[in-house]
Each structure stands twice: as C-alpha cells, then as structure tokens.
Amino acid sequence: MIDRIMTNLIVLYILVILAMIVTGSESSNTRDAEINRLMKKLNKPFLKSIKSPDGDIIDCVHMKNHPIYDHPLFKNHTIQMRPTSYPEGWSNKDSDNEKHNMVPQLWTINGKCPKNSIPIRRTRKEDILRAKSIERFGKKDPNNIHQHKRPTNPTNDGVHEYAILKVEVNSPRAMFYGTQTFINVWKPYVQHTKEFSLAQIWMSAGSYSTQLETIEAGWQVLTALYNDTNPRYFVYWTNDSYIQHGCYNTICPGFVVVNQAFALGAAVPEVSIRDGLQYEIFTSIWKDRSSGNWWLRFGTHVIVGYWPSLLFNRLRIGATEVEWGGEIVNLKENNQHTSTQMGSGSFAINGYRKASYFRNIFVTDENNITRQPVGPSTFVSEESCYDIRYRTEQAWGSFFYYGGPGRSPFCN
Ligand SMILES: *[C@@H]1O[C@H](CO)[C@@H](O)[C@H](O)[C@H]1NC(C)=O
Ligand SMILES: *[C@@H]1O[C@H](CO)[C@@H](O)[C@H](O)[C@H]1NC(C)=O
Ligand SMILES: *[C@@H]1O[C@H](CO)[C@@H](O)[C@H](O)[C@H]1NC(C)=O
Ligand SMILES: *[C@@H]1O[C@H](CO)[C@@H](O)[C@H](O)[C@H]1NC(C)=O
C-alpha cells in the first residue's frame, strides 16, 4: 500500500518536472521567436552591407524599406529629403565664420551606400539579449530629468544624475523652434556595462507627470547597446514620459534618417584629449516652417534627418523647454557611488582642455529669432560628484563647463 502511494507520488513528481521542462523550453521558444521577429524588423533587407573596422556592420537599406514605414501613422508618409527652411540668420551664426565640417564615419572607408539608400547600424542578437527585456530594448528608463529632483525611490535601473543648463519659455505664448550649440566630445570611463555617460540636447514640451514629449540628440557611451566604450552619435524621442513610446536612433520607427553617409549609433571619429586637441560636434535642431518637422544637422553639412511633427501633440506646436548637458547612470555597485565619469571626468572649474563643455548655445524663439538663452538656470544632481559652471563671454557666447569623476572621498 505504502509502496503504491510512493510509486504514484514518484510518477506524479516526474510528470511535474517534465511539464516544467516543456513549458520552460516553450517560453524560451517564444522568447527566441520574439527576438527573431524584432531582429527581422530592425535589420531590413539591404542593397549592400559594409563592415566597419570597429566591428559595426552597416546595412544600406533602400528608401522604400525605410523604418518609418513600420509605423502605422506613416504608412503613406512622403519622406522629406531636405529641410525647406532654416531659422533666420543661421548660416552666419558662427562667430569665427569657419566651416564645421564633419570627419566621415569610420565605416565609410570600406564603402558607400548606393543612391536611394540609407545606412543603418545592424543590431545583433547579443545586443537585444543584453537589454533588460525585449520590450525595453533601445529605450531609456523612465527617469527624473524633468522633475529636477532626486528620485525618492531609486529603481534598480540605477539613479540618473545630471549636470545641465536649461531654459523655459517665460510666457504662455512663447515657444522654442530650435537650438544650436557646439558639443565637446570625450570618451568618459563608464564603470558598469549597464550604466551610461552622455552629452546631449533635450527639447521638450509637456510635463513629466502628465505627458512629456522630447526630442534628443548628442553622443553617448552605452556598452549595453553598442558593445563597446566609444562615444556614439545618438538621437532619442518619447511622447509619453519615456513610458512606452520612443527609442534610440531607429530602433523603433520615429526618427526619419535621410542621410546616405551618416549612420546613427556609429562612433564619433574624433575624441578630445586632456591638454590636447579638442573635438566638438556642431549640432542644430530646428522646426521646419512648412512641414513642422524637427530637423537634425551635425556640422554645417550633415543633414541627418527629422522627427516628424506627427509623432507628437505638444511638440507639433513647439518646444517649451530646452536643456543641454550631461547625464550618467549610477548603479551604486557594492553600495558605492559609481566611478563613471561625466563629460571628460574633470570638474567644471578645470576649464578648457580639461573639462568638457557646450559653447555658443543659441535658441530660436517664437519669432524665429535666434539668440542666446535668456534667464537660463543650471541643475546638478550631486554637486560633489559632477558639477556645471555657466557663463557668457564674447567668443564663446553662452557656454558652460560641466562634468566630474564620480566616486571620490567626497562622492561615495
Ligand atoms: C494610406 O493610403 C491608403 C490608400 O489611399 C488609405 O486607405 C489609408 O487609410 C492610408 N493610411 C494612412 C495611415 O493614412
Ligand atoms: C562584443 O564585444 C566583445 C569584446 O570586444 C566581442 O568579443 C564580441 O564579439 C562583441 N559582440 C558583438 C555582438 O559584437
Ligand atoms: C505616441 O506615439 C505612439 C506611436 O508612435 C502613438 O501610438 C501614441 O498614440 C502616441 N501617444 C501620444 C500620447 O500621443
Ligand atoms: C516660425 O517657425 C515656425 C516653425 O517652423 C512656424 O510655424 C512659424 O510660422 C514661424 N513664425 C514666424 C513669425 O515666422
């Protein structure tokens, strides 16, 4: 009798284990299928594929397979190949009147994308596997930038820390239609592969607690996404406070790349050296007068593409806030502040060739006049870890130094 019960129990036990194995492999099968589906979506059929010396693979995707067509709102979208307008006086905004040519991206030494195609950095399976979940791949975590206070309950995604300059509209009818600045480029040390360090522009409308809309561009070191520690060009957008919609680059349909020779997510070819040569990205974002689309240009010639105004409700009308500066993620490994650097890793006070900077900062206002920001304010999360110093002067106009080393006896 006892034997009989024991046998039954053992059989039952084996059945349970078998069931667990089967459902386990079934769920890993669906996960695999999900990853493959995403890979197929991201990696479009290409006319040509170019291997970059830094390991990136660049696929030249025909305009008819442009990622924007994956978006239900843009099935019939006519891609705008050039901006139709620039804010007044933009061409002569550089005090020294020099041309800010961009050094070609590394992959271009191994080939060019054919006519009517755009370069898209290929996503590998490992890149997706490194993400927290398939759904969150290529997305920023909901963070606290537009609240400008320390988060009350830090998530396990880590704490985001900032050193930024910001300007808000000063009347209900005021708007921003553009911004322009030089962004100094460095290769900050990032301690943990799941942390990042970046320098960027944010243009936004709405509020964090209701429905924040942003368009963002700059450079970032983000190993989880790019599998290396180089600063890379990126764009971002969200129309719902980073909750669900929006992503980096073209990982979800949104930003419309039009440039045949410039790949988002590719490394910035030249990086500043302490006490040595300084490199910067001249960056312009503006709202096209007739289409309302938000254009992005690097240097004076590289028209990267645009964020269609249809992606947004508030930004469709204009931006109400602009921010410039650095952001890092602090995972607090071993309960210590991260030693991830912001900017160059030097504090603002160290100045030129040591600290990272943004210079000649302009905004374009509701009259489409481009001018220095009026009444900007600075914000830092942890002054003893990263800081910022804003000033105005003749040659550099509105500018600031910012950054810091992270962990130290004063930052722990
Ligand atoms: C695209 O065009 C087709 C045919 O004109 C139309 O039926 C469809 O509703 C359009 N889709 C969108 C999203 O505008
Ligand atoms: C990621 O980087 C490592 C180390 O550099 C390299 O061995 C590996 O092949 C890379 N993986 C991918 C998917 O690029
Ligand atoms: C945000 O964009 C998504 C897709 O791009 C769209 O489906 C959604 O309705 C938008 N949300 C808002 C609040 O506009
Ligand atoms: C300024 O630019 C915006 C966006 O490009 C446009 O909608 C508006 O009509 C322009 N305003 C003036 C006064 O030119």
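Indexing begins at 1, ligand by ligand and atom by atom, following the structure's order.
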Do any nitrogen or oxygen atoms of [X] lie less than 3.5 angstrom from nitrogen or oxygen atoms of ligand 3?
| X | answer |
| --- | --- |
| Asn313 | yes |
| Glu213 | no |
| His71 | yes |

Considering residues, nucleotides and ligands other than Glu34, do more than 12 of their heavy atoms fall under 6.0 Å from its CD? yes

Heavy atoms of other groups near Lys112 NZ, more than 12 under 6.0 Å: no

Please say which of Leu42, Val256, Ile251, Ile118 ends up in a side chain to side chain contact (heavy atoms under 4.5 Å, CB included) with Pro67. Ile118

Heavy atoms of the protein only: does one fall short of 4.0 Å from atom 9 (O) of ligand 3? no

Would you mind checking which non-hydrogen protein atom is closest to [atom], with the distance to 0.1 Å?
| atom | value |
| --- | --- |
| atom 5 (O) of ligand 4 | Lys287 O, 2.8 Å |
| atom 13 (C) of ligand 4 | Asn368 ND2, 4.1 Å |
| atom 7 (O) of ligand 4 | Arg289 O, 4.3 Å |
| atom 12 (C) of ligand 3 | Asn239 ND2, 3.5 Å |

Within ligand 3, which atoms have a heavy atom of Trp237 less than 4.0 Å away? 5 (O)

Would you mind running through ligand 3 and noting each atom that sits below 4.0 Å from a heavy atom of Gln211? 13 (C)

Which bit of Phe74 is near ligand 3, meaning a heavy atom under 4.0 Å away: side chain, backbone, both or neither? neither

Side chains of Glu321 and Ser204: any donor to acceptor distance under 3.5 Å? no

Using a 4.0 Å cutoff against the non-hydrogen atoms of Asp288, which atoms of ligand 4 qualify? 5 (O)

Can Lys354 and Asp275 be counted as an ion pair, charged N to O under 4.0 angstrom? yes

NZ/NE/NH1/NH2 to OD/OE distance under 4.0 Å, Glu393 and Arg391: no

For side-chain contact (heavy atoms from CB on, under 4.5 Å), just list the numbers for Arg130 and Thr193, CA-CA rounded to whole Å, side-chain angles, deciding distance to a tenth of an Å, and then say yes or no. CA-CA 9 Å; Arg130 278 193 299 267; Thr193 53; 6.0 Å; no

Cation-pi between Arg359 and Phe182: NZ/CZ under 6.0 Å from ring centre and within 45° of the ring axis? yes

